[in-house]
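As structure tokens, the structure follows; a few thoughts come after it.
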Amino acid sequence: MSSPETVTQAVAPAKVSPDGCVAVVNAGSSSVKFAIYEPDARQDVRYHGKIEGIGTAPRLKVERPDGETVSERSWRAEALDVQAATLEVLRTAADLIRGSPIAGIGHRVVHGGTDFAAPIRVDDAVVAALKRLIPLAPLHQPFNLAAIEAIAQAAPHIPQVACFDTAFHRSQPALAQLFGLPRKFAEEGVRRYGFHGLSYEYIAGRLAETAPELARGRVIAAHLGNGASLCAMKGGRCVATTMGFTAVDGLLMGTRCGTLDPGVVLYLMDEKGLSVRDVEDLVYRRSGLLGVSGVSSDMRGLRASPEPAAAEAIALFVYRVVREAGSLAAALGGLDGLVFTAGIGENDPQTRAEIAAGCAWLGLELDETRNARGSGRVSRDGSPVEVWVIPTNEEAMIARHAAAVLATI
Ligand code: ADP
């Protein structure tokens with residue numbers, strides 16, 4: 001295991017070179033994912049890696065973009081917590097790019113609250129402000145910050161940039177952020193924030209490059225992965241989104257229930273004796289596709305299953321997307337395009353077809369051949385609403401943000 005001192009020796013040039021590589025770190029409760037981007041063409045990735053199984057069986061794997069594995073290692077469970085894993089990542093990165101220093105590190109940080117509407121260079125004051133948001137995202141924010149603090153301690157000369165999943169949604173009108181609760185709660189931060197913002201920002205950028213006219217219009221982006229949400233964009237800016245105060249709201253997801261009558265939570269606690277932690281476990285980890293099907297949280301697993309409950313879980317997933325798409329189309333005052341992205345959105349033509357069929361009344365007309373091929377525009381020529389498949393890349397978005405902030409230092 002690396003101590004902070006050995007990491008400092010490994011990565012520390014006398015001062016940070018503006019020509020160094022940009023690293024991206026995405027730290028969670030049981031994994032630290034990372035990537036290293038080229039110094040010049042900052043969008044070209046050199047390596048992807050992750051340490052998975054933190055707390056159980058930590059193992060590192062690093063690959064080149066072509067899939068060739070360049071490094072593998074494992075540890076005993078007690079050897080690595082998230083901070084130690086982050087230092088291992090840093091040391092591994094320094095080994096891999098020996099000769100070209102790390103110019104800076106971009107982090108995915110799930111919650112920026114109401115204050116952080118753009119990526120920001122991290123200092124002590126920023127960390128303190130982000131720590132105050134931990135109660136709003138207890139499952140993610142502490143680990144994002146643990147990684148930042150580990151690096152700040154071990155390699156204080158490396159600039160770090162926090163990039164927020166909430167930031168893209170700060171453009172939502174005030175009404176779209178309000179719950180129907182007494183006003184004081186909104187003032188205390190109980191409001192609809194929205195997540196998956198780095199993905200939507202990337203999609204908005206790609207759409208502006210590939211279909212500029214559509215990008216200026218009214219578009220719903222559908223990020224359908226294990227986590228799933230929709231985002232309504234007008235001219236590339238968010239006006240509404242299905243996730244709210246937390247990332248459990250909105251669509252049915254792999255293991256999250258999505259929108260739920262709060263009366264259900266009261267009933268479960270009052271009548272069934274569930275504790276707060278029980279409810280948390282239920283709505284985040286035991287619900288969604290997994291809970292409804294009793295088979296799997298994974299769309300591929302459900303598609304392959306003969307169980308009627310698996311088919312019903314998929315049907316509910318599609319139904320929820322279609323209903324929420326209607327709601328977002330209302331918020332947009334009409335619809336010009338829909339973009340599918342993330343694991344299911346990019347790879348599952350059948351789910352795309354079922355969602356498009358449910359949204360036919362809005363004017364979506366898929367082209368079967370294009371949908372089966374699954375990239376670029378998949379709607380028929382002349383379809384009143386264009387349908388696109390655009391692979392997302394949150395990591396590249398973070399690298400770009402980090403590079404832009406570093407350029408100002
Ligand atoms: P995460 O939110 O964890 O990043 P992903 O974006 O990787 O998740 O999406 C994972 C989901 O994508 C899983 O439900 C998986 O089954 C689904 N998926 C991936 N490839 C396919 C495919 N070829 N067909 C259907 N579903 C797929």
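Every number for a ligand or one of its atoms is a count from 1 in the order of the listing.
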Starting from atom 25 (C) of ligand 1, find the nearest protein heavy-atom neighbour and note its residue, name and distance.
Asp348 CB, 3.4 Å
Is there a side-chain contact between Thr259 and Arg320 in this structure, where contact means two heavy atoms from C-beta onward sitting under 4.5 Å apart?
yes
Checking side-chain polar atoms at under 3.5 Å, does Thr351 have a donor or acceptor matched by the opposite partner on Arg303?
yes
Would you give the length of the straight line joining atom CE of Met243 to atom OG1 of Thr166, rounded to the nearest 0.5 angstrom?
12.5 Å
Quick check: does Ala342 get an N/O under 3.5 Å from an N/O on ligand 1?
no
Can you classify the ring geometry of His223 versus His196 as parallel (below 30°), tilted (30 to 60°) or perpendicular (above 60°)?
parallel
Do Phe164 and Asn144 come within less than 4.5 Å of each other through their side chains, counting heavy atoms only?
no
Modelled atom types, side-chain donor and acceptor of Ser275 and Asp278, under 3.5 Å
yes
For atom 11 (C) of ligand 1, what is the nearest protein heavy atom, given as residue, atom name and distance?
Ile344 CG1, 3.8 Å
Would you call the rings of Tyr200 and His169 parallel, tilted or perpendicular, taking 30° and 60° as the class edges?
perpendicular
Could you tell me the residue and atom name of the protein heavy atom closest to atom 27 (C) of ligand 1, and the distance to it rounded to 0.1 Å?
Arg300 CG, 3.7 Å
May I ask you to identify the nearest protein heavy atom to atom 24 (N) of ligand 1, giving residue, atom name and distance to one decimal place in Å?
Asn347 O, 3.5 Å
What is the nearest protein non-hydrogen atom to atom 16 (O) of ligand 1, stated with its residue, atom name and distance?
Asp298 OD1, 2.5 Å
Using a plain distance cutoff, I'd like to know if Leu224 has any nitrogen or oxygen under 3.5 Å from a nitrogen or oxygen of ligand 1.
no
Within the structure, does at least one protein heavy atom fall under 4.0 Å of atom 4 (O) of ligand 1?
no
At what distance is the nearest protein heavy atom to atom 8 (O) of ligand 1, and which residue and atom is it?
Asn226 N, 3.2 Å
What protein heavy atom sits nearest atom 18 (N) of ligand 1, and how far off is it?
Gly343 O, 3.6 Å
Ring pair (Phe, Tyr, Trp, His ring centres under 6.0 Å) assessment of Phe195 paired with His111
CA-CA 8 Å; Phe195 299 88; His111 221 301; 5.5 Å; yes
Among all protein heavy atoms, pick out the one at the shortest distance from atom 14 (O) of ligand 1; state its residue, atom name and that distance to 0.1 Å.
Met299 N, 3.0 Å
Please could you name the atoms of ligand 1 that Gly227 approaches to less than 4.0 Å, counting only its heavy atoms?
2 (O)
